[in-house]
Q: 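Sharing a structure, written as structure tokens. Questions coming.
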2 protein chains.
Amino acid sequence: MERSTRQRSAIRAVIEAATRPLTPQEVLDGARTEVAGMGIATVYRNLKLLVEEGSVQVVELPGDSPRYESKHLDHHHHFQCRQCDRVFDVHGCPGDLTRFAPTGFRVESHELTLYGQCADCAGAASG
Amino acid sequence: MERSTRQRSAIRAVIEAATRPLTPQEVLDGARTEVAGMGIATVYRNLKLLVEEGSVQVVELPGDSPRYESKHLDHHHHFQCRQCDRVFDVHGCPGDLTRFAPTGFRVESHELTLYGQCADCAGAASG
DNA sequence: GTCGCTGCAAACGGTTTGCATGAGA
DNA sequence: TCTCATGCAAACCGTTTGCAGCGAC
């Protein structure tokens with residue numbers, strides 16, 4: 001049976017409070033403000049658990065390590081800032097992409113990642 | 001100055017002959033049929049070099065290690081088979097995606113990955 | 001008192017690097 | 001001959017695992 005620990009609550013809270021997908025390290029940093037001395041292994045173990053139970057989803061990015069965010073019900077994609085590496089949600093989707101696949105291929109899903117500058121970095125650069 | 005070695009030629013040949021992006025290990029396996037005993041470090045060093053010189057490009061995939069393919073001039077995307085994990089080129093692109101980004105964000109490029117079953121695996125499953 | 005959870009440290013696996021040797025030019 | 005390139009093995013780094021002690025229930 002699953003227990004409620006200070007560590008697990010802190011991890012859950014950090015992810016729920018976030019406005020963008022976080023790396024395990026970012027989750028640890030956030031959770032440590034509540035539970036000092038928490039170990040990174042605890043973060044990984046709990047992330048895995050939360051993903052399995054369905055309250056958290058993994059955001060996999062091309063060539064970068066995964067981020068974690070609260071489960072959204074809507075289909076969405078992500079934007080990664082080339083400058084600060086942070087990832088943000090992007091709502092909207094180009095729609096049906098099956099027409100791009102070669103003949104005989106069965107398309108089941110897709111991932112779209114936009115790259116560029118986030119508002120913070122674009123503002124800092126031009127301001 | 002850059003030298004022409006048997007290893008480098010073999011690696012180049014394997015990538016040029018491939019019809020899809022290859023993993024470093026696949027490149028090694030292919031190159032070893034020509035130069036037995038080649039080491040994986042040599043593959044990594046040469047891939048890096050070929051990417052820098054522009055004749056090979058990296059294909060980064062969400063949650064998977066990079067693949068390598070000959071440089072194509074056309075903008076294209078990729079399809080990864082959920083069953084055999086191989087990656088294939090997909091020609092075509094949904095077009096302008098800047099409209100999906102939040103206000104203040106600057107979109108410079110994008111990556112699109114389709115997932116499903118390749119023709120081989122779909123055929124084997126239904127046949 | 002159980003037994004799941006945690007922190008620590010070691011293990012892992014793909015990638016990179018240091019070093020002595022080998023081989024293009 | 002002069003170096004760049006190679007093979008080997010060790011180092012790296014993010015992630016996972018083994019284990020003994022802790023703490024939720």
Side-chain angles (χ1 to χ4, degrees), chain A residues 1-15 21-53 55-69 78 80 84-87 113, chain B residues 1-15 21-53 55-69 78 80 84-87 113:
Chain A
M1 186 198 33
E2 191 168 314
R3 289 177 185 173
S4 164
T5 64
R6 290 186 314 133
Q7 288 86 341
R8 184 161 302 158
S9 309
I11 289 170
R12 221 187 280 265
V14 167
I15 294 176
L22 303 178
T23 61
Q25 188 59 51
E26 285 173 326
V27 173
L28 179 61
D29 295 345
R32 270 186 174 162
T33 65
E34 187 138 344
V35 184
M38 189 187 299
I40 188 74
T42 297
V43 173
Y44 279 105
R45 279 189 280 236
N46 277 286
L47 286 175
K48 190 177 174 189
L49 221 129
L50 294 171
V51 169
E52 277 166 8
E53 85 175 27
S55 58
V56 165
Q57 58 192 327
V58 186
V59 177
E60 311 242 15
L61 301 149
D64 209 345
S65 37
R67 313 298 209 263
Y68 296 83
E69 69 181 346
H78 297 93
Q80 182 167 33
C84 66
D85 277 345
R86 291 184 302 173
V87 175
T113 312
Chain B
M1 185 198 35
E2 190 167 313
R3 290 179 186 171
S4 164
T5 63
R6 291 187 314 134
Q7 288 85 342
R8 186 161 301 158
S9 309
I11 290 170
R12 220 187 281 265
V14 167
I15 294 177
L22 303 178
T23 61
Q25 188 58 52
E26 285 173 327
V27 173
L28 178 62
D29 295 345
R32 270 186 174 161
T33 64
E34 186 137 346
V35 184
M38 189 187 300
I40 188 74
T42 296
V43 173
Y44 279 106
R45 279 188 281 235
N46 276 287
L47 286 175
K48 190 178 176 189
L49 221 130
L50 294 171
V51 169
E52 278 166 9
E53 85 176 27
S55 57
V56 165
Q57 58 193 325
V58 186
V59 177
E60 312 243 19
L61 302 149
D64 208 343
S65 36
R67 312 300 209 261
Y68 297 82
E69 68 182 346
H78 297 92
Q80 183 167 31
C84 67
D85 277 346
R86 290 185 303 173
V87 175
T113 312

Q: Quick one: is D/dG7 close enough that its OP1 or OP2 comes under 4.0 Å of any side-chain N or O from B/Thr42?
A: yes

Q: What is the separation between atom CZ on A/Arg32 and atom C1' on C/dG7, rounded to the nearest whole Å?
A: 10 Å

Q: On DNA chain C, nearest-nucleotide positions of A/Ala36 versus B/Glu2: which is more 5'?
A: A/Ala36

Q: Does a donor on one side chain and an acceptor on the other come within less than 3.5 Å for A/Glu69 and A/His78?
A: yes

Q: Can you tell me whether the side chain of A/Arg8 and the base of C/dC5 have a donor-acceptor pair closer than 3.5 Å?
A: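 Donor-acceptor pair under 3.5 Å: no.
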
Q: Using atom CG of A/Leu50 as one end and atom P of C/dC5 as the other, report the distance to the nearest whole Å.
A: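 After rounding, the gap between these two atoms is 11 Å.
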
Q: Could you check how far CG of A/Leu49 sits from P of D/dT17, rounded to whole Å?
A: 13 Å

Q: Between the main-chain N or O of A/Arg6 and the side-chain N or O of A/Arg8, is there a donor-acceptor pair closer than 3.5 Å?
A: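 Looks like no, no N/O pair under 3.5 Å.
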
Q: Is it the case that the side chain of B/Arg32 and the backbone of B/Met38 share a donor-acceptor pair, with hydrogens and angles ignored and the cut-off at 3.5 Å?
A: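 It does hold such a pair.
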
Q: Hey, which of these two, A/Arg6 or B/Met38, hits DNA chain D nearer its 5' end, going by closest nucleotide?
A: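 Looking at DNA chain D, the more 5' nearest nucleotide goes with B/Met38.
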
Q: Within this structure, what is the CD-to-P distance between A/Glu52 and C/dG4, rounded to whole angstrom?
A: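 Rounded to whole Å, this separation is 15 Å.
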
Q: Using side-chain heavy atoms (C-beta onward) and a distance below 4.5 Å, is A/Tyr68 in contact with A/Pro21?
A: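 Contact flag for A/Tyr68/A/Pro21 side chains = no.
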
Q: Could you tell me the separation between the CD atom of A/Gln25 and the C1' atom of D/dG14, rounded to a whole number of Å?
A: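 Computing the A/Gln25:CD to D/dG14:C1' distance gives 10 Å.
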
Q: Of all the choices, D/dG14, D/dA24, C/dG24, which nucleotide is nearest to the side chain of A/Arg3 once you look at every atom?
A: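 Looking only at heavy atoms from C-beta outward on A/Arg3, the closest nucleotide is D/dA24.
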
Q: With a cut-off of less than 4.0 Å, is there a side-chain N or O of B/Gln7 near OP1 or OP2 of C/dA23?
A: no

Q: Separation of B/Lys48 atom NZ from C/dT16 atom P, in whole Å?
A: 7 Å

Q: Ignoring hydrogens and angles, are the base of D/dG18 and the side chain of A/Arg45 linked by a donor-acceptor pair under 3.5 Å?
A: yes

Q: Does either side chain, that of B/Glu53 or that of B/Ser55, offer a donor lying less than 3.5 Å from an acceptor on the other one?
A: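 Yes, a side-chain donor-acceptor pair sits under 3.5 Å.
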
Q: Starting at the 5' end of DNA chain C and moving along, which residue's nearest nucleotide shows up first, B/Pro24 or B/Ser4?
A: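 Taking each residue's closest nucleotide, the earlier one in sequence belongs to B/Pro24.
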
Q: Find the distance A/Asn46:CG to D/dT16:P and express it as a whole number of Å.
A: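 One finds 13 Å between P of D/dT16 and CG of A/Asn46, rounded.
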
Q: For the pair made of CG in B/Leu28 and C1' in D/dT6, what is the distance, rounded to whole Å?
A: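 Atom-to-atom, B/Leu28 to D/dT6, this comes out as 13 Å.
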
Q: Indicate whether OP1 or OP2 belonging to D/dG23 is found under 4.0 Å from a side-chain N or O atom of A/Thr5.
A: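 Result: no.
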
